[in-house]
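Data first, discussion second: the structure below is written as structure tokens.
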Amino acid sequence: MPEGHTVHRLAHAFEELFGGQPLAVSSPQGRFADGAALLDGLRLVSTEAYGKHLFLGFSPAPGGSDEDLRWLRTHLGLYGSWTFAGDATFSAPHAIGAPRRRVGEEEVAGDGAGAAAPAEWRVPEPRGAVRARLLGEHGVADLTGPAACEVITAAEKVAVQERLGPDPLRPDGDGEAFVRNVRARRRAIGELLMDQEIVSGVGNIYRAESLYRARIHPRRLGRDVPAARLSRLWADLVEVMADGVATGRIVTTRPEDRTPPGEVRDPEGEPVEGEPAEGERWYVYRRTGLPCLVCGAKVAEAVLQARRLFWCPRCQRAPRRRV
DNA sequence: CACTAATGGCAAT
DNA sequence: TTGCCCTTAGTGC
């Protein structure tokens with residue numbers, strides 16, 4: 001998916017584009033018709049990301065308390081996506097969510113060419129299976145392929161959040177709780193990082209890459225990883241995921257491990273500015289069999305909990321005890 | 001046209 | 001551990 005950084009970007013985007021506005025809410029596909037009817041015409045007053053869940057708060061009456069808000073909870077799952085369109089005042093990326101155009105591209109930037117003057121903009125027809133459509137004065141957001149899309153109460157929202165582990169991207173993200181959560185289990189750290197009750201927002205790329213950066217073998221048991229190393233792992237997640245929020249892309253390699261800027265070439269041999277060379281964005285994710293960017297050993301791959309797991313067998317020393 | 005993979009998560013076994 | 005759900009884009013016949 002769309003890992004946590006994507007969802008935090010979405011929360012910011014909805015705040016900027018629709019915050020404070022009454023929205024027309026519909027379900028062109030029909031599967032969210034009942035929920036859409038509960039929200040249609042209400043004002044969007046709050047946006048919040050927690051792990052991979054996006055919460056949009058709608059006020060049923062002016063001046064109502066937070067307890068009265070109706071919350072739209074969406075979860076993009078493996079391939080959900082939000083697509084935006086609007087007039088010239090509406091400056092969102094075209095789409096935020098699962099990669100569609102090619103592997104590794106998770107956002108499609110608006111090119112500005114389609115931006116019309118406010119008076120000229122026409123609401124586009126929904127494309128594909130649009131579960132939910134939010135329409136404001138200057139733009140529209142369409143949701144396709146979500147794993148979850150439902151209207152819940154404030155109490156239900158609290159219940160969802162209480163089941164989630166600390167989120168490295170939230171100010172209330174509690175690194176010490178993360179360390180305690182991991183060290184309380186004898187499951188592999190590579191499994192624990194994907195468990196949203198242990199830490200929320202980490203997905204398959206951040207799992208593999210943060211373990212590489214911390215030089216921890218993914219099969220080492222949580223309780224066997226020293227607390228100090230877990231604290232550093234948490235701090236690194238905060239850093240690398242915040243970069244994902246800022247840029248909209250996951251880049252985990254350090255500059256010193258990449259081809260120097262100025263020497264990067266595209267496939268035609270032309271110099272490329274400001275982008276990591278192809279294949280140097282990540283240390284191990286989807287680099288099976290390729291040489292480690294640091295030590296040259298072949299990157300290994302295994303399947304763990306039905307997801308592909310990648311690591312460097314030399315930089316990430318094998319644990320004494322395997323799972 | 002069939003088949004697959006994709007940065008998830010859940011329930012049933 | 002398997003299977004199923006959400007949807008799209010790419011591949012290959």
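Since we're looking at a predicted model, the values are computed, not measured. In what follows, chains carry the letters A, B, and so on, assigned in the order in which the sequence lines appear, proteins first and then strands, with residues in each chain numbered from 1.
The shortest distance between the side-chain N/O atoms of Arg31(A) and the OP1/OP2 oxygens of dT7(C) is below 4.0 Å. Contact between the side-chain N/O atoms of Arg308(A) and the OP1/OP2 oxygens of dA6(B) is found at a separation under 4.0 Å. In this model, the phosphate group of dG8(B) is not approached by any side-chain N or O of His75(A) to a distance below 4.0 Å at OP1 or OP2. The shortest distance between the side-chain N/O atoms of Arg307(A) and the OP1/OP2 oxygens of dG9(B) is not below 4.0 Å.
Within the structure, side chain to side chain donor-acceptor pair (under 3.5 Å) contacts touching residues 35-45 of chain A (residues at least two apart or in different chains) do not occur.
Comparing dA9(C) with dG9(B), their P atoms sit 23 Å apart, to the nearest whole Å.
One can place CG of Leu78(A) at 5 Å from C1' of dA6(B), the figure rounded to the nearest angstrom. At whole-Å resolution of the value, CD in Gln196(A) and P in dG8(B) are 8 Å apart. Whole-Å rounding puts the Phe32(A) CZ to dT7(C) C1' distance at 17 Å. For the pair Glu150(A) CD and dG9(B) P, the computed distance is 15 Å after rounding to whole Å. The distance between atom CZ of Arg131(A) and atom C1' of dT8(C), rounded to the nearest whole Å, is 14 Å. Asp195(A) places its CG atom 11 Å from the C1' atom of dG9(B), with the value rounded to the nearest Å. At whole-Å resolution of the value, CD in Gln305(A) and C1' in dT1(C) are 10 Å apart. Atoms CZ (Arg73(A)) and P (dC10(B)) sit 8 Å apart, rounded to a whole Å.
Ranking dA5(B), dT7(C), dG8(B) by closeness to the Arg286(A) side chain, first place goes to dA5(B).
Contact annotation for Arg207(A): no contact, since no heavy-atom pair falls under 4.0 Å across all strands. Counting any heavy atom pair closer than 4.0 Å across all strands shown, Glu197(A) reaches no nucleic acid atom.
Atoms NZ and OG1, from Lys52(A) and Thr74(A) in turn, are 14.0 Å apart once rounded to the nearest 0.5 Å.
With sequence neighbours excluded, no residue forms a side chain to side chain donor-acceptor pair (under 3.5 Å) with Glu239(A).
Taking the ring centre of Tyr212(A) as origin, the terminal cationic atom of Arg215(A) falls inside the region bounded by 6.0 Å and 45° from the ring axis.
Applying the side-chain contact (heavy atoms from CB on, under 4.5 Å) test between Trp71(A) and each of Glu150(A), Glu156(A), Lys157(A) identifies Lys157(A) as the sole match.
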